[in-house]
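To start, I am sharing the structure in question, which I have written as structure tokens.
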2 protein chains.
Amino acid sequence: MAVPHDLTTLVHDCADCPIRHRAVCARCETDELQRLEQIKYYRSYQAGQTVVWSGDRMDFVASVVTGIATLTQTMEDGRRQMVGLLLPSDFVGRPGRSTAAYDVTATTDLVMCCFRKKPFEEMMTGTPHIAQRLLEMTLDELDAAREWMLLLGRKTAREKIASLLAIIARRDASLKLRAAQGSLVFDLPLTREEMADYLGLTLETVSRQMSALKKDGIIELEGKRHIIVPNFDALLEETGDDSDGGFLV
Amino acid sequence: MAVPHDLTTLVHDCADCPIRHRAVCARCETDELQRLEQIKYYRSYQAGQTVVWSGDRMDFVASVVTGIATLTQTMEDGRRQMVGLLLPSDFVGRPGRSTAAYDVTATTDLVMCCFRKKPFEEMMTGTPHIAQRLLEMTLDELDAAREWMLLLGRKTAREKIASLLAIIARRDASLKLRAAQGSLVFDLPLTREEMADYLGLTLETVSRQMSALKKDGIIELEGKRHIIVPNFDALLEETGDDSDGGFLV
DNA sequence: TTCTTCGCTTGATCTGCATCAAAGGCAGAC
DNA sequence: GTCTGCCTTTGATGCAGATCAAGCGAAGAA
């Protein structure tokens, strides 16, 4: 279902390109793209596997091709907070730093497109296009982080759950499957515990609020993971966010 | 006391420059710097004044020269969460977007060094150095945002307060005044309410925890704003963070 | 001087979520 | 088939921090 991605998204930002993440785009097949192709390689991880531990050496940068990875921070006493959720086409790693700042974990089977940091950095100095694209992506991530901060600091448990569901629904490629009526179907890529780590809650509270949303008819559950949202607007109502819509318009 | 800053920090990243934020640095006085000088202008704001409202047109980017500004998000019902704290040398504004995503407010008297977005962006495409520097700064901000997320999601009120004090102490230029003994003196640039908005708490809880830290001898208070930290390590103990030190070594 | 305002502190009470605990459902191993 | 382990749900209870409320002190205005 999902179209494969790789780091070509770095040099690839044609607003009018019909398939935004195609591995090769006629308009973007430039020198940069070809040079990237030469130094890239792929790595696979199984669900549950750790990609790197916080503090460990990380001598590559990468973008997610398929699957989902998380960035988490852990306190000495074991309290955990997820600080990043990496979906296909997302970038991880920081040029100019050699150790990972967070635990990176595959929550599903995962394929990443990697570049050893050295040649990537060398390339970056020679190709302004890449630094600009990377800046753009980083600014998007910063915006997402700031919305996440509002969620963590000020939203109720119910609002947090609704917001997370809305975020995942928005980014899930399978949303193309949605029926005309505004209903939406997708699979949760996270366990209750991972949702809790995302939201700054306990897994029990997550479970209770999921049940409550179900009881109130905001969502339907098939099994633990398969979600049906009969009315996306009703879900958005629960997030506490401004109802700008903006999505599905 | 504070050394003036301006956007020269954008093209200026000499690790061995003795005064990292000098307005002009011999090693950095390049073409870029001179071109930046030509298009920059300054704006001043009084304490409490709003620089831009979320959603408004924002046709410039800027960096803080002196004073402190905040980025906040507000929900319809009035709940507020601070999502950024801008100290001297910090950058605000996003190339490639024309409206502000957050309220930007001066919490003290504020001077900013501004660039109209158009010429700035034009310059950026011609000078890879600037995009790279901006990327680096944005990545730093992203890291700060992620640490902030851990704070918001998992820390207790007491840990939040201690963390905020540690963050401000770390960044306050006047820390050079610290006595040999590891004690530290600084002025809080925020009201109790602003601290609460930063930390995802109420102002009452902030006040209570400040009193508690004072009672326990972690901090001393002179008036409402002037803080003395007799033992910085003791404060760090309260933050819940790994005691990597790293600072003041 | 006194009044008002604003930022702050402190007390009393309430409540949303955490914590502790038990049990159900499902998948994979044997 | 049963057993085992993991994820999840649900219930009972407790507590950290929110909420409601009162009052203080300093700065400025009349």
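Here is how names work: the chains are called A, B, and so on, in the same order as the sequence lines, proteins then strands, and each is numbered from 1.
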Rounded to whole Å, CG of B/Leu221 lies from C1' of C/dT9 at a distance of 12 Å
B/Glu194 atom CD is separated from C/dG7 atom C1', nearest whole Å, by 11 Å
Assign each of A/Arg225 and B/Arg158 the nucleotide of DNA chain D bearing its closest heavy atom; nearer the 5' end lies the nucleotide of A/Arg225
_Salt bridge or not between A/Arg146 and B/Glu141? Use side-chain N to carboxylate O under 4.0 Å._
yes
Over 12 foreign heavy atoms within 6.0 Å of CD, A/Glu76:
yes
Students often get this wrong, so: under 4.0 angstrom with heavy atoms, is B/Gly200 touching a base, only sugar-phosphate, or nothing? sugar-phosphate
Mind checking if A/Thr191 touches a base, just sugar-phosphate, or nothing, with heavy atoms under 4.0 Å? sugar-phosphate
TODO: Determine the contact category for A/Leu201: base if any of its heavy atoms lies under 4.0 Å from a base atom, sugar-phosphate if only primed atoms, P, OP1 or OP2 are that close, otherwise nothing.
DONE: sugar-phosphate
Which of D/dT8, D/dG17, D/dA21 is nearest the side chain of A/Arg192? It is D/dT8
d(A/Leu151 CG, B/Gln73 CD) to nearest 0.5 Å is 10.5 Å
- Query: Do the charged groups of A/Arg225 and A/Asp187 touch, with an N to O distance under 4.0 Å?
  - Reply: no
| task | Evaluate whether atom CD of B/Glu193 has more than 12 neighbouring non-hydrogen atoms of other residues, nucleotides or ligands under 6.0 angstrom away. | result | no
Quick check on D/dT10: is either OP1 or OP2 less than 4.0 Å from any side-chain nitrogen or oxygen of A/Ser211? yes
Atom CE of B/Met210 and atom C1' of C/dT10 are separated, to the nearest Å, by 15 Å
Among C/dA18, D/dT9, C/dT9, the one nearest any side-chain atom of B/Leu203 is C/dT9
Is the closest basic N to carboxylate O distance between B/Glu159 and A/Arg79 below 4.0 Å? yes
To the nearest angstrom, the NE2-C1' distance between A/His226 and C/dG25 comes to 19 Å
Separation of D/dT8 atom C1' from A/Glu204 atom CD, nearest Å, is 10 Å
Regarding the side chain of A/Ser207, the nearest nucleotide among D/dT9, C/dA18, C/dA12 is D/dT9
Separation of C/dT10 atom C1' from B/Lys224 atom NZ, nearest Å, is 12 Å
With five pairs defining each end axis, the helix from C/dT1-D/dA30 to C/dC30-D/dG1 comes out bent, to 10°, by 30°
B/Glu193 CD to D/dA18 C1', in whole Å, measures 15 Å
Indicate yes or no: does B/Arg158 engage B/Glu238 in a salt bridge with an N to O separation below 4.0 Å. yes
To the nearest angstrom, the CG-P distance between B/Leu213 and C/dT9 comes to 12 Å
Of the candidates C/dT19, D/dT9, D/dG17, the side chain of A/Arg208 sits closest to C/dT19
